[in-house]
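First the structure, in the form of structure tokens, and then the observations on it.
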Amino acid sequence: MNAMNMQEKVVIVTGAGGGIGRAIALEMARAGAAVVINDVGVSLAGEGGSATPAQQTQALIEEFGGRAVINTDSVAEWEGAKRIIACAVEHFGRLDAVVNNAGITRDAIFHKMAIEDWQQVINVHLNGTFYVSRAAAEVFREQKSGAFVHMTSTSGLIGNVGQANYSAAKLGVVALSKSIALDMQRFNVRSNCIAPFAWSRMTSAIPNQTAEEQARVERLKQMTPEKNAPLAVYLASEAASTVNGQIFAVRRNEIFLMGQSRPVRSVHRAEGWTPQTIADHAIPALSSSFPALEVSGEIFGWDPV
């Protein structure tokens, strides 16, 4: 059997009512997987709630003969996460992969960020990823197989203005993924991250007043959510059996392997350090290797093609 074939596999995709989540759910179903469409149907800021987005995704999957069920539990609640996993097992008899995609944004400059906006973003992105993964781990450990695909962001990997909550949560997801990969490799369970680029509700606020800005927005719109789906399917499949603990980024037709924190440079002083010798010796020796204080858009400074 083709290792990329997801036939007889069961996949949960959280936040699958639209955007990247919907694109991944559709691609999983086209590859043969039965899909649990998890979505609470809230706004970008996490407000409201409706089953309609999930129902729309289900209808699209069923149009081409795919199999899908809907779950509307919140990833931000431990009991809800357990029900999401139970939904897959009860309807399809097993679980092979989880795509942790659900998310909200509550952007604000740090010194003006409300405590509630910090807590809610952390709860959905970081706690939600932990809850769903932790609940799925019981199934994966027992069957000695499984794959996690977590959505991170260059806002966390590199940085962004006005997104302290989102950036912290997304970098936390990376550390969580690495810990899952280390702890569960003995059970043949893999955990990897994708930092997706896509024109969606989360990027639609980019300025588009001038002719130049409008032209750039039109180019950015080519970064459709669907561009991220093939990598998610690959990482969930048996073809990726040797890929574990990695971070990828997808930017239209580009796939990046992202770096992970490692020592860059060191200094040593046999007699130890004082604040003054650090100022006189250590920092001058190390400062040429300091990473610049940049945002994601400065690192990815070219428009995708």
Side-chain angles (χ1 to χ4, degrees), residues 1-16 19-38 57 60-61 64 66-68 88 92 94-103 129 132-133 136-137 139-140 143-154 157 170 173-174 176-178 180-182 184-185 187-198 200 222-260 300 304:
M1 183 180 75
N2 184 346
M4 206 69 68
N5 191 339
M6 296 292 287
Q7 203 73 35
E8 306 306 324
K9 302 293 187 182
V10 178
V11 180
I12 292 170
V13 183
T14 68
I20 294 170
R22 174 178 287 177
I24 291 173
L26 290 169
E27 194 77 7
M28 291 287 187
R30 289 192 187 97
V35 181
V36 175
I37 302 164
N38 166 260
T57 301
L60 290 169
I61 289 174
F64 56 78
R67 297 175 296 154
F92 300 119
R94 60 181 294 116
L95 176 62
D96 299 283
V98 171
V99 180
N100 283 305
N101 170 78
T129 297
V132 175
S133 300
V139 178
F140 288 170
Q143 70 191 21
K144 291 185 169 54
S145 67
F148 291 104
V149 181
H150 314 283
M151 294 298 145
T152 183
S153 172
T154 55
L157 297 169
K170 286 305 193 182
V173 166
V174 170
L176 174 61
S177 177
K178 191 60 172 286
I180 293 170
L182 290 167
M184 299 200 69
Q185 59 184 331
F187 305 114
N188 194 33
V189 174
R190 297 172 290 105
S191 181
N192 295 285
C193 290
I194 298 175
F197 285 78
S200 68
Q222 301 306 308
M223 297 191 297
T224 61
E226 289 74 19
K227 294 291 186 179
N228 300 277
L231 180 58
V233 173
Y234 165 76
L235 290 173
S237 75
E238 294 175 10
S241 61
T242 61
V243 182
N244 198 16
Q246 303 305 310
I247 310 163
F248 300 93
V250 177
R251 193 171 184 267
R252 196 175 177 187
N253 297 320
E254 301 166 300
I255 295 177
F256 301 88
L257 176 65
M258 301 299 288
Q260 300 187 32
F300 293 91

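Residues take their numbers from the sequence shown, with the count starting at 1.
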About how many Å separate [atom2] of [Y] and [atom1] of [X], when rounded to the nearest 0.5 Å?
| X | Y | atom1 | atom2 | answer |
| --- | --- | --- | --- | --- |
| Lys170 | Leu176 | NZ | CG | 11.5 Å |
| Asn101 | Ile12 | CG | CD1 | 13.0 Å |
| Met28 | Ile61 | CE | CD1 | 11.0 Å |
| Ile37 | Ile24 | CD1 | CD1 | 13.0 Å |
| Thr152 | Phe248 | OG1 | CZ | 13.0 Å |
| Asn228 | Ile20 | CG | CD1 | 4.5 Å |

Test item: [X] side-chain N/O and [Y] main-chain N/O as donor-acceptor pair under 3.5 Å:
| X | Y | answer |
| --- | --- | --- |
| Asn192 | Val149 | no |
| Gln143 | Leu95 | yes |
| Glu226 | Thr224 | no |
| Gln260 | Gly245 | yes |
| Ser177 | Val174 | no |
| Thr57 | Ala16 | yes |
| Arg190 | Leu235 | yes |

Looking just at side-chain N and O atoms, do Ser145 and Asp96 make a donor-acceptor pair shorter than 3.5 Å?
no
Would you say that [X] contacts [Y] through its side chain, given a criterion of any heavy-atom pair below 4.5 Å between the two side chains?
| X | Y | result |
| --- | --- | --- |
| Phe64 | Arg30 | yes |
| Met151 | Cys193 | no |
| Phe256 | Ile247 | no |

Starting from the C-alpha separation in whole Å, work towards a yes-or-no answer on side-chain contact (heavy atoms from CB on, under 4.5 Å) for Asn38 and Val13.
CA-CA 6 Å; Asn38 166 260; Val13 183; over 6 Å; no
Apply salt bridge (charged side-chain N to carboxylate O under 4.0 Å, His left out) to the pair Lys9 and Glu238, showing each step before the final yes or no.
CA-CA 10 Å; Lys9 302 293 187 182; Glu238 294 175 10; 2.7 Å; yes
Which residues pass the ring-ring contact (aromatic ring centres under 6.0 Å, His included) test with Phe140, sequence neighbours left out?
Phe148
Among all residues two or more places apart in sequence or in another chain, which pass the ring-ring contact (aromatic ring centres under 6.0 Å, His included) test with Phe187?
none
Least distance between heavy atoms, Glu27 atom then Val233 atom:
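That would be CG-CG2, 3.4 Å.
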Heavy-atom pair with the smallest gap, counting every atom of Thr154 and Ala195
N-CB, 4.1 Å
Stepwise side-chain contact (heavy atoms from CB on, under 4.5 Å) test for Arg251 and Phe300:
CA-CA 9 Å; Arg251 193 171 184 267; Phe300 293 91; 3.7 Å; yes
For a side-chain contact (heavy atoms from CB on, under 4.5 Å) check, start with the C-alpha distance between His150 and Ser133, then their side-chain angles and the critical distance, and finish with the verdict.
CA-CA 9 Å; His150 314 283; Ser133 300; 3.4 Å; yes
Start with the C-alpha distance between Val11 and Met6, add both sets of side-chain angles, then the distance that settles side-chain contact (heavy atoms from CB on, under 4.5 Å), and finish with yes or no.
CA-CA 9 Å; Val11 180; Met6 296 292 287; 3.7 Å; yes
